[in-house]
Amino acid sequence: MAVQHFLTLNDLTAEQLRALLQRGIELKTLQRNGERYQPLQNRVLGMVFEKSSTRTRVSFEAGMAQFGGHAIFLSPRDTQLGRGEPIEDSARVLSRMCDAIMIRTFEHEKLERFAAHSRVPVINALTDQYHPCQLLADMQTWYEARGDMTGKTAAWIGDGNNMCHSYINAARQYGFRLRIAAPPGYLPDADVLARAGDRAVLVDSPAEAATAADLVVTDVWSSMGQEEEQGEREKVFADYQVNADLMALAAPDALFMHCLPAHRGEEVTAEVIDGPQSVVWDEAENRLHAQKALLEFLLT
Ligand code: CP
Ligand code: NVA
């Protein structure tokens, strides 16, 4: 049987994603009640990080520890990956020693090559193209705060980046509408958008996206690997800030989300991210619970 990977949200069915969401909520309750649940005793997760991380690393590592297993942090700086060992060879070797492997890297195609040569499940922990683990947490957070998202509307404000692409996939898989306001030249990938059909549409302005939206989401203007474009991007995205005026256009009970790390005063004001509509801390915490549900699904 083919190995089940998690490279994008489209690797699972809508039903499987829904089941994971419910399981994430159950695992959160178990954890909060201090109940011990260790389905992954003696199991090992390899964690390859070619970019920085706080939430992703800690949530996977803590999750494996809570499940009775172990996680190994691998960076290119001190493994042979950084000295040019082919990704395919690394996949063959690591997957003979680990029970699952998560990777954060640049090109999505590199992750796909790794997965193609792995004997064990591979999890996308962010590529330039997608960040599906973050969406597991975001959907759990939205569901916990406001119930079922079917038929609701989310507004994406800003760069048509990896998070935007995963929101487009989520709109299709979880049954909500997504309105995207991104500046020309920074639109999401046309093929990714087309696959979502009428679930995800481009609109002309942040105001049009946000009006009556149930959820407003943004992300940094310069993602990891784009540091040199920061100055140029600050100019291009100047009108794409999520601030109180924009939130005022959304539904009265609209939520604000951001995958973090955030830059207050750039893509979001402090007033919004630290305000009552923001659920960013629950969203960050849910990385732990949602990914534990994912690990349990892939490994048991
Ligand atoms: N949101 C997120 O993936 O955060 P880290 O970069 O800290 O892992
Ligand atoms: N778009 C951001 C997300 C960070 C979690 C980046 O890729 O840097």
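One-based numbering, in listed order, for ligands and for the atoms of each.
- For Arg119, the CZ atom counts as loosely surrounded, since its 6.0 Å shell holds 12 or fewer non-hydrogen atoms of other residues, nucleotides or ligands.
- Checked by atom type, the side-chain pair Asp138/Gln134 shows a donor-acceptor distance below 3.5 Å.
- The closest donor-acceptor contact from the side chain of Glu227 to the backbone of Gly225 lies under 3.5 Å.
- Nearest non-hydrogen protein atom to atom 4 (C) of ligand 2 is Leu126 CD1, 3.8 Å.
- Every atom of ligand 2 with a heavy atom of Asn161 under 4.0 Å away is listed here by number and element: 1 (N).
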Donor-acceptor contacts under 3.5 Å from residues 147-163 side chains, at least two apart:
residue	atom	partner	partner atom	Å
Asp148	OD1	Arg18	NH1	3.1
Asp148	OD1	Arg18	NH2	3.2
Asp148	OD1	Thr150	N	2.9
Asp148	OD1	Thr150	OG1	2.7
Thr150	OG1	Arg18	NH2	3.2
Lys152	NZ	Arg146	O	2.8
Lys152	NZ	Asp148	O	3.3
Thr153	OG1	Arg177	NE	3.4
Thr153	OG1	Arg177	NH2	3.2
Trp156	NE1	Asp159	O	2.8
Asp159	OD2	Arg233	NH1	3.0
Asn161	OD1	Met163	N	3.0
Asn161	OD1	Cys164	N	3.1
Asn161	ND2	Asp219	OD2	2.9
Asn162	ND2	Thr127	O	3.1

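- In the model, Gln31 has a side-chain atom that pairs as donor or acceptor with a side-chain atom of Lys292 under 3.5 Å.
- Protein heavy atom closest to atom 7 (O) of ligand 2, with residue, atom name and distance, is Asn162 ND2, 2.8 Å.
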Please tabulate, one pair per line, all N/O donor-acceptor pairs under 3.5 Å involving side-chain atoms of residues 56-65, not counting sequence neighbours.
residue	atom	partner	partner atom	Å
Thr56	OG1	Arg104	NH2	2.9
Thr56	OG1	Arg287	NH1	3.4
Thr56	OG1	Arg287	NH2	2.8
Arg57	NE	Glu61	OE1	3.2
Ser59	OG	Arg55	O	2.6
Ser59	OG	Thr56	O	3.2
Ser59	OG	Gln291	NE2	2.9

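- Under a 4.0 Å criterion applied to the non-hydrogen atoms of Leu260, ligand 2 contributes the atoms 5 (C).
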Mind running side chain to side chain contact (heavy atoms under 4.5 Å, CB included) on Arg36 and Leu30 for me, showing each step along the way?
CA-CA 8 Å; Arg36 215 160 128 112; Leu30 282 184; over 6 Å; no
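- Within 4.0 Å of ligand 1, protein heavy atoms come from Ser53, Thr54, Arg55, Thr56, Arg104, His131, Gln134, Cys259, Leu260, Arg287.
- Taking both residues in full, the closest heavy atoms of Thr141 and Ala137 are given as OG1-O, 2.6 Å, listed atom of the first, atom of the second, then distance.
- Side chain to side chain, Gln22 and Glu26 fail the donor-acceptor criterion of an N or O pair below 3.5 Å.
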Which atom pairs, donor and acceptor, lie under 3.5 Å between side-chain atoms of residues 186-201 and protein residues at least two apart or in another chain?
residue	atom	partner	partner atom	Å
Asp189	OD1	Asp191	N	3.0
Asp189	OD1	Val192	N	3.1
Arg199	NH1	Arg172	O	3.2

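- Heavy atoms of Thr56 come nearer than 4.0 angstrom to ligand 2 in no pair at all.
- Of all protein heavy atoms, the one closest to atom 8 (O) of ligand 2 is Met224 N, 2.8 Å.
- Considering only non-hydrogen protein atoms, atom 3 (C) of ligand 2 sits nearest to Asp219 OD2, 3.7 Å.
- Some N or O of Ser223 is nearer than 3.5 Å to an N or O of ligand 2, by distance alone.
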